[in-house]
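Every heavy atom of this structure was used, including side-chain atoms; hydrogens, water molecules and symmetry mates were not. So you know, we letter chains A, B, ... as the sequences are listed, proteins then strands, and number each from 1. No experiment lies behind these values; they were computed from the predicted model shown.
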Amino acid sequence: MSSFLDPSSDPSEPGVKLFARHPADVARDLIGMILTVDGVGGRIVETEAYHHEDPASHTFNGPTPRNAAMFGPVGRAYVYRSYGLHWCLNFVCGDTPGSAVLIRALEPMSGLEQMRERRGADAARLLCAGPGRLCQALAISREHDEAPLDKPPFALEPSMQDWEIVVGPRIGLTKGVQTPWRFGLAGSKFLSRPFPKA
DNA sequence: AGACTGATATTCT
DNA sequence: GAATATCAGTCTA
């Protein structure tokens with residue numbers, strides 16, 4: 001069992017120690033961790049937090065069929081379709097129901113050839129730079145919705161390193177723009193977009 | 001480089 | 001009918 005899991009927690013509800021906190025704290029701590037799906041993945045370099053009381057969150061207006069996973073146990077995936085065609089991967093978390101962290105970009109580390117097959121012959125920096133690209137490269141879709149993140153095909157490993165983290169406004173929103181809940185690995189070449197200057 | 005456009009699921013008005 | 005936690009393609013410069 002991974003060290004970030006609370007050994008006393010119910011194994012059917014994974015990741016309580018990491019995920020049962022405010023989504024902004026979880027989003028920050030996920031930067032630098034290694035995510036793989038069936039062995040394909042890499043280092044998380046960009047995340048965004050969404051909270052139940054945040055107007056930009058899918059859960060702001062309460063439960064719907066789509067967002068059901070976000071009202072379920074923490075430590076599971078929330079996968080939704082974006083603009084009708086892309087998939088987006090979130091980690092359900094929070095100290096109250098209805099929060100999640102959007103995984104926006106990875107630094108590819110393993111399974112590069114599979115990523116290229118799934119996406120086309122992209123340069124490495126474009127394989128997982130953005131939530132839609134990331135899901136295509138890792139073959140994530142509706143079937144992963146509500147799947148536990150500590151069991152196959154998912155694997156999430158903590159990093160012992162101390163990263164420098166950059167913070168900024170979230171991308172693509174019209175509501176809640178001013179809430180600075182986008183987090184990134186400073187200096188990474190694999191971000192979906194650069195962070196605005198301080 | 002930046003601006004515009006098409007694709008189109010799900011939710012909300 | 002309109003908006004959206006997006007991306008790729010195609011213009012214009």
Measuring only the P atom in each nucleotide, how far is dA2(C) from dT5(B)? A whole number of Å is fine.
16 Å
Side-chain N,O ([X]) to OP1/OP2 ([N]) below 4.0 Å:
X	N	result
Arg104(A)	dT6(C)	yes
Ser82(A)	dA9(B)	no
Arg119(A)	dA8(C)	yes

What is the distance from [atom1] of [X] to [atom2] of [N], rounded to the nearest Å?
X	N	atom1	atom2	value
Ile171(A)	dT6(C)	CD1	P	8 Å
Leu127(A)	dA8(C)	CG	C1'	15 Å
Arg66(A)	dT4(C)	CZ	P	12 Å
Asp122(A)	dG9(C)	CG	P	9 Å
Leu191(A)	dT6(C)	CG	P	15 Å
Leu102(A)	dT4(C)	CG	P	16 Å
His86(A)	dG6(B)	NE2	P	15 Å
Leu173(A)	dT4(C)	CG	C1'	10 Å

Pick base, sugar-phosphate or nothing for Ser192(A), based on heavy-atom distances below 4.0 Å to the nucleic acid.
nothing
For Arg170(A), which contact category applies under a 4.0 Å heavy-atom criterion: base, sugar-phosphate, or nothing?
nothing
What's the closest nucleotide to the [X] side chain, out of [options]?
X	options	result
His58(A)	dA5(C), dT10(B), dT11(B)	dA5(C)
Asn61(A)	dT11(B), dC12(B), dA5(C)	dC12(B)
Arg133(A)	dA5(C), dT6(C), dC7(C)	dC7(C)
Arg81(A)	dT11(B), dA9(B), dT6(C)	dA9(B)

Whichever of Thr59(A) and Leu126(A) has its nearest DNA chain C nucleotide further upstream toward 5':
Thr59(A)
Hey, which of these two, Arg142(A) or Leu85(A), hits DNA chain B nearer its 5' end, going by closest nucleotide?
Leu85(A)
Any ion pair linking Arg81(A) and Asp145(A) (charged N to carboxylate O, less than 4.0 Å)?
no
Tell me whether Arg28(A) is salt-bridged to Asp25(A), with the criterion being a basic N under 4.0 Å from an acidic carboxylate O.
no
Has Tyr50(A) got its ring stacked on dA5(C), by the test of a centre gap below 5.5 Å and a plane angle below 30°?
yes
Check whether the side chains of Arg118(A) and Gln136(A) place a donor and an acceptor atom closer than 3.5 Å, and report yes or no.
no
Paired nucleotide for dT8(B) [Watson-Crick or G-U wobble; both distances under 3.5 Å]
none
Quick one: does Tyr83(A) reach the base of dA5(C) with a side-chain donor-acceptor pair under 3.5 Å?
no
Taking the six-membered ring of Phe91(A), is the NZ or CZ of Arg76(A) close enough (under 6.0 Å from the centre) and on axis enough (within 45°)?
no
Residue pair Glu107(A), Ser188(A): steps toward the side chain to side chain donor-acceptor pair (under 3.5 Å) verdict
CA-CA 8 Å; Glu107(A) 175 183 341; Ser188(A) 173; 5.0 Å; no
Run the side chain to side chain contact (heavy atoms under 4.5 Å, CB included) test on His58(A) and Tyr78(A) for me, step by step, so that the C-alpha distance in whole Å, both residues' side-chain angles and the decisive distance to 0.1 Å come before the verdict.
CA-CA 11 Å; His58(A) 288 169; Tyr78(A) 165 49; 2.8 Å; yes
